S.K.: 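Handing you a structure now.
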Amino acid sequence: MAKFQAPKGVSEYVPDRSNYFEYVRSTLIESARNSGYQLIELPVFEDTELFTRGVGESTDVVRKEMYTFEDRGGRSITLRPEGTAGVMRAVIEHNLDRGQLPVKVFYSGAFFRAERPQAGRYRQFYQVGIEAIGLSDPLIDVEVIAVADRAFKALGLRKYHLEITSLGDLLTRENYLKDLRSYIEELPLDEETRTRASLNPLRLFDDKRSEIRELMQKAPVLMNYLTEESRADFESVKSLLKRLGIAFSVNERMVRGLDYYTGTAFEFVHSELGAQSGIGGGGRYDGLMEQLGGQNLSGIGFGLGIDRVLLACEAEGIAVPENEKLDLYIVPLGTGDESLIIAEELRSRGLRVDLAFGERALKGAMKAADKSGAKYSLVLGADELSSDVVSLKEMNSGESESVTLSSLATTLIEKISNLGEHS
RNA sequence: GUGGUCGUAGCUCAGCUGGUAGAGCACUCGGUUGUGGUCCGAGAUGUCGCGGGUUCGAGCCCCGUCGAUCACCCCA
């Protein structure tokens with residue numbers, strides 16, 4: 001029988017790289033938690049219509065990238081291609097918007113898009129996202145951006161930058177798009193490009209071909225259509241970002257892939273990732289909640305691509321910190337039972353402990369201790385059991401000291417916490 | 001979805017103009033009896049992505065297929 005392989009284009013993480021993945025994900029989540037966002041855990045599949053109405057019929061995501069199927073009850077189901085629509089559905093369904101506003105939630109999980117895979121672009125990929133719903137205020141726009149920026153900085157990323165723009169309110173967009181369409185109509189375009197433009201004229205700003213870029217140089221710019229209020233909000237966002245020391249550039253031609261964005265929109269781009277350079281992006285959405293049957297509340301949020309952030313970290317040579325490693329590795333010499341009992345006792349005290357299984361030779365077991373990255377190791381043989389004293393070895397220095405078995409846990413806990421303070 | 005490149009041991013790769021597979025790393029054991037990271041020795045490991053075809057003979061040639069990768073499209 002042929003070997004099974006994972007389905008085409010999915011991203012999956014196995015040891016040791018999965019440690020790196022977990023570190024990246026938890027760092028992103030911690031940034032959201034530090035800002036008061038709470039977990040919202042949602043299904044990975046939803047009613048297809050939630051996405052066609054929420055994300056927008058004209059988007060590529062809906063038109064050709066959704067995993068849609070019929071369940072046994074004849075319902076049309078779609079694997080979630082993005083997070084915001086589902087969050088809005090849940091907020092409405094559970095009346096979360098009836099309490100204090102804004103509602104602040106974060107999510108983390110798998111998303112699905114049936115695209116041609118590439119490094120950094122997968123059919124099943126992972127995102128951490130946040131949403132702040134029910135408040136239209138530059139303050140919250142900036143907070144949302146700051147959550148992402150702080151997460152990236154916490155990871156130690158440097159080679160990324162933030163681009164922002166304002167897409168204006170719904171009416172502004174309507175006026176602008178009308179003018180943009182009539183401008184594009186006059187351009188000498190091939191059939192395919194024209195079709196793309198008719199679905200979303202903003203796309204042409206993103207075209208890689210230089211002749212198109214040139215044609216679009218003189219196209220009307222949305223920024224000039226903004227109402228006084230939008231303009232003022234955007235100014236507030238910019239000055240607040242500056243005061244927070246968050247570097248950014250204004251990209252008046254930014255294009256977002258989802259239809260629902262209004263007002264502030266932003267994107268984090270990393271310079272070492274090739275074509276799939278966006279490590280996160282988001283923006284405000286004024287009409288979405290109402291569009292999905294809720295009250296008329298505005299919200300703002302982002303999605304960060306864990307897979308891409310991980311690639312970015314690797315590209316910058318960022319390592320997983322030491323404290324993710326084991327505290328102790330036990331090498332039993334014919335003392336499997338006792339070793340496991342001691343390990344369990346230490347583990348229940350909160351220490352990270354592993355041991356060598358399978359009657360390995362001392363040399364091999366010490367090698368395993370080394371590979372595990374554990375901070376300390378100890379050998380447990382008949383001598384130790386009869387004397388109740390073990391030789392606790394600090395792996396980096398190679399030095400060891402005698403510790404009684406009964407004080408092993410407290411000694412280790414003390415040593416580990418001292419290490420933490422010094423590093 | 002479109003086009004280019006690639007697919008040999010767990011990993012990185014070598015394999016000359018076709019003659020039935022190799023290196024380094026990793027792994028296991030050992031270097032006189034219980035302490036790893038260096039060094040030395042020994043050992044295990046592959047249906048050469050999969051399926052067809054050409055040939056006396058294919059890892060090397062042809063076709064298909066699956067997958068990865070790069071760019072486009074799009075996006076996290």
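These numbers were taken from a predicted model, which means no experiment stands behind them.
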S.K.: Could you work out the separation of B/rA44 and B/rG22 based on their P atoms and round it to a whole Å?
M.R.: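 Taking atom P in both B/rA44 and B/rG22, they lie 13 Å apart.
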S.K.: With sequence neighbours excluded, tell me which residues meet side chain to side chain contact (heavy atoms under 4.5 Å, CB included) with A/E57.
M.R.: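 Expected list: A/T52.
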S.K.: For the base of B/rA76 and the side-chain ring of A/F125, does the geometry meet a stacking cutoff of under 5.5 Å between centres and under 30° between planes?
M.R.: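 Base of B/rA76: stacked against A/F125.
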S.K.: Counting only distance, no hydrogens or angles, is the base of B/rA76 paired donor-acceptor with the side chain of A/E115 under 3.5 Å?
M.R.: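 Counting by modelled atom types and ignoring angles, a donor-acceptor contact under 3.5 Å is found here.
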S.K.: Check this one for me: any side-chain N or O of A/R203 less than 4.0 Å away from OP1 or OP2 of B/rC75?
M.R.: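 Checking A/R203 against B/rC75: at least one side-chain N or O falls below 4.0 Å of OP1 or OP2.
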S.K.: Quick one: which residue pairs count as a side chain to side chain donor-acceptor pair (under 3.5 Å) with a foot in residues 113-123 of chain A, not counting sequence neighbours?
M.R.: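 Checked against side chain to side chain donor-acceptor pair (under 3.5 Å) - neighbours excluded - the pairs reaching residues 113-123 of chain A are A/Q118-A/Q276.
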S.K.: List the residues meeting side-chain hydrogen bond (donor to acceptor under 3.5 Å, both in side chains) with A/S166, not counting sequence neighbours, and say none if there are none.
M.R.: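 Result, side-chain hydrogen bond (donor to acceptor under 3.5 Å, both in side chains) vs A/S166: none returned.
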S.K.: Among A/F112, A/F111, A/F21, find the one that has a ring-ring contact (aromatic ring centres under 6.0 Å, His included) with A/Y126.
M.R.: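 Passing option: A/F21.
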S.K.: Applying a 3.5 angstrom cut-off to the pairing atoms, does RNA chain B sit in any stems of at least three consecutive Watson-Crick or G-U pairs? List them by first number.
M.R.: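 Only these stems qualify: B:1-7 with B:66-72, B:10-13 with B:22-25, B:27-31 with B:39-43, B:49-53 with B:61-65.
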S.K.: For B/rG7 and B/rC60, measure between their P atoms and round to the nearest Å.
M.R.: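 Taking atom P in both B/rG7 and B/rC60, they lie 11 Å apart.
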S.K.: Whether A/D370 and A/K367 form a salt bridge (side-chain N of Lys/Arg under 4.0 Å from carboxylate O of Asp/Glu) is what I want to check.
M.R.: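 Salt bridge between A/K367 and A/D370, a charged N being under 4.0 Å from a carboxylate O: no.
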S.K.: Phosphate oxygens OP1/OP2 of B/rA68: is one of them under 4.0 Å from a side-chain N or O of A/Q118?
M.R.: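 Looking at the OP1 and OP2 atoms of B/rA68, neither is under 4.0 Å from any side-chain N or O of A/Q118.
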S.K.: For atom P, what is the distance between B/rC66 and B/rG10, given to the nearest Å?
M.R.: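 So the two P atoms sit 24 Å from each other.
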S.K.: Ignoring backbone atoms, establish whether A/R121 has a side-chain N or O less than 4.0 Å from OP1 or OP2 of B/rC74.
M.R.: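 Checking A/R121 against B/rC74: no side-chain N or O falls below 4.0 Å of OP1 or OP2.
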S.K.: Treating primed atoms plus P, OP1 and OP2 as sugar-phosphate and everything else as base, which nucleotides of nucleotides 33-46 of chain B get B, S or - for protein heavy atoms under 4.0 Å?
M.R.: -BBBB---------
S.K.: Please list residues of residues 46-70 of chain A whose heavy atoms come under 4.0 Å from any atom in RNA chain B, ordered by number; otherwise none.
M.R.: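 A/D60, A/K64, A/E65 - these, ordered by number, are the residues of the stretch whose heavy atoms sit under 4.0 Å from the strand.
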